[in-house]
2 protein chains.
Amino acid sequence: MGTDHLVLDRQLCFAVHAASRAFDAAYRQVLRDLDLGLTYPQYLAMMVLWERGPVTVKELGLALRLDSGTLSPLLKRLEAAGHVRRERSAADERSVIVRLTPAGAALRERAQQVPLAIGRATGLTRDGAMALHGMLGELTATLDAYVSRGGPAEDQAGGTGR
Amino acid sequence: MGTDHLVLDRQLCFAVHAASRAFDAAYRQVLRDLDLGLTYPQYLAMMVLWERGPVTVKELGLALRLDSGTLSPLLKRLEAAGHVRRERSAADERSVIVRLTPAGAALRERAQQVPLAIGRATGLTRDGAMALHGMLGELTATLDAYVSRGGPAEDQAGGTGR
DNA sequence: AGCAGAATGATTGTGCACAACTGAATTGTG
DNA sequence: CACAATTCAGTTGTGCACAATCATTCTGCT
């Protein structure tokens, strides 16, 4: 029966949604306890900066899968908090380069404790985390393909999609 | 080195975050194609109403793990769209009962196609979906426990937590 | 050189989500 | 019965996320 599918579906979409919000809440808690003054998405952005050094907004958006409408205000808040500076690239005036301030770079040390705390909060083993990560990565890629295709696969139409 | 943990962690938290947004995008796409006039969270709320019938805001919040600050405006939009009605309970004037309008109930039929489309978009088998659902459910429960405890487990302190 | 088109980031508008607080109604306790 | 504590929904403020649109800058083409 179709009803059966409907219930299973609710459970699956809902499980991802709920897990994401539970993760957000856990990060909020940990970030608050460590008093880093960062929200979860801000922490993600800072992590890219810690790992890669200065990046453009475009690169940051690609890394985090976020567009400028989300990143612009987020980066302004990080700048207002003194964690980053933003400046137009001299080479290409369209680009804005985001770089850590000394204060922002210094934050990295305290942030080292975040992964450990989160690891405990998840209760997952390293293998469990990797298995879950793998499944989620595949799922995300498949869903992204569906969306960028604009709908179901229609057999093998052209190949170009879009 | 700790750096190793940091990278793994980024991948895990990020994978959940990205999967959730990819799921959202897929639902947006499907709901738009079917022209249901619902957002993804609104669809979740409607699904509870289709399955359970009239519920209070409180019950809806428990089912969806959302608080009144999220549900109140969401339900107002559903009411403005003609999908639900809201009325104070006669038995307990504090409670608001949410019930489907005939139009909202009628929407269920077209919504039957949503799970099928999403099922195709995920590319998961029934077993794969169930396995993922199981892992996410456990993860969510563990994270929730961590947050409601207010921090790490501190060995076995009292038992009351909080 | 000059112009059409693309790339980049910002802005605006809508909606979701949570924290903190408010106000009304109910329940518990003395 | 009276009063404190609790429950429930709503409101306000902050922040994330995406769609659509815009201005500026760069690039390709003639």
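To find a chain, count down the sequence lines: A is the first, B the second, and so on, and within it residues start at 1. All values below come from the heavy atoms of this structure, side chains included, with hydrogens, waters and symmetry mates left out.
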Not counting sequence neighbours, which residues clear side-chain hydrogen bond (donor to acceptor under 3.5 Å, both in side chains) with A:Arg110? List them please.
none
Does B:Arg52 have any salt bridge (Lys or Arg N to Asp or Glu O under 4.0 Å) partners at least two apart in sequence or in another chain, and if so, which?
none
Can you give the dot-bracket line for DNA chain C, using ( ) for pairs inside the strand, [ ] for pairs that cross earlier ones, | for pairs with another strand and . for unpaired bases, where Watson-Crick and G-U count if both distances are under 3.5 Å?
||||||||||||||||||||||||||||||
Contacts of B:Thr56 meeting side-chain contact (heavy atoms from CB on, under 4.5 Å) (sequence neighbours excluded), chain-then-number -> B:Lys58, B:Glu59, B:Ser95, B:Ile97
Please set out all donor-acceptor pairs under 3.5 angstrom arising from side-chain atoms of residues 22-31 of chain B, sequence neighbours excluded.
{"residue": "B:Tyr27", "atom": "OH", "partner": "A:Asp9", "partner atom": "OD1", "Å": "2.7"}
{"residue": "B:Tyr27", "atom": "OH", "partner": "A:Asp9", "partner atom": "OD2", "Å": "3.2"}
{"residue": "B:Gln29", "atom": "NE2", "partner": "A:Gly150", "partner atom": "O", "Å": "2.7"}

Under a 4.0 Å heavy-atom cut-off, which of residues 25-37 of chain B touch DNA chain D?
B:Arg28
Taking only residues two or more places apart in sequence or in another chain, which ones pass side-chain contact (heavy atoms from CB on, under 4.5 Å) with A:Met46?
A:Leu38, A:Leu49, A:Trp50, A:Leu78, A:His83, A:Val84, A:Leu100, A:Leu107
Qualifying residues under side-chain hydrogen bond (donor to acceptor under 3.5 Å, both in side chains), relative to A:Arg65, sequence neighbours excluded:
A:Asp144
Residues that A:Thr70 engages under side-chain hydrogen bond (donor to acceptor under 3.5 Å, both in side chains), provided they are two or more places apart
A:Asp67
Pairs: protein N or O with nucleotides 3-12 of chain D N or O, under 3.5 Å:
{"residue": "D:dT7", "atom": "O4'", "partner": "B:Arg94", "partner atom": "NH1", "Å": "3.3"}
{"residue": "D:dT7", "atom": "O2", "partner": "B:Arg94", "partner atom": "NH1", "Å": "3.0"}
{"residue": "D:dC8", "atom": "OP2", "partner": "B:Lys58", "partner atom": "NZ", "Å": "3.2"}
{"residue": "D:dA9", "atom": "OP1", "partner": "B:Val57", "partner atom": "N", "Å": "3.2"}
{"residue": "D:dA9", "atom": "OP1", "partner": "B:Lys58", "partner atom": "N", "Å": "3.3"}
{"residue": "D:dA9", "atom": "OP1", "partner": "B:Val96", "partner atom": "N", "Å": "3.4"}
{"residue": "D:dA9", "atom": "OP2", "partner": "B:Lys58", "partner atom": "N", "Å": "2.8"}
{"residue": "D:dG10", "atom": "OP1", "partner": "B:Arg86", "partner atom": "NH1", "Å": "2.8"}
{"residue": "D:dG10", "atom": "OP2", "partner": "B:Ser72", "partner atom": "OG", "Å": "2.7"}
{"residue": "D:dG10", "atom": "N7", "partner": "B:Ser68", "partner atom": "OG", "Å": "2.8"}
{"residue": "D:dT11", "atom": "OP2", "partner": "B:Lys76", "partner atom": "NZ", "Å": "2.9"}

Which residues satisfy the side-chain contact (heavy atoms from CB on, under 4.5 Å) test with A:Arg86, sequence neighbours excluded?
A:Leu75, A:Lys76, A:Glu79, A:Val96, A:Val98
For B:Arg99, enumerate each residue passing the side-chain hydrogen bond (donor to acceptor under 3.5 Å, both in side chains) test, keeping only those at least two apart in sequence or located in another chain.
B:Glu87
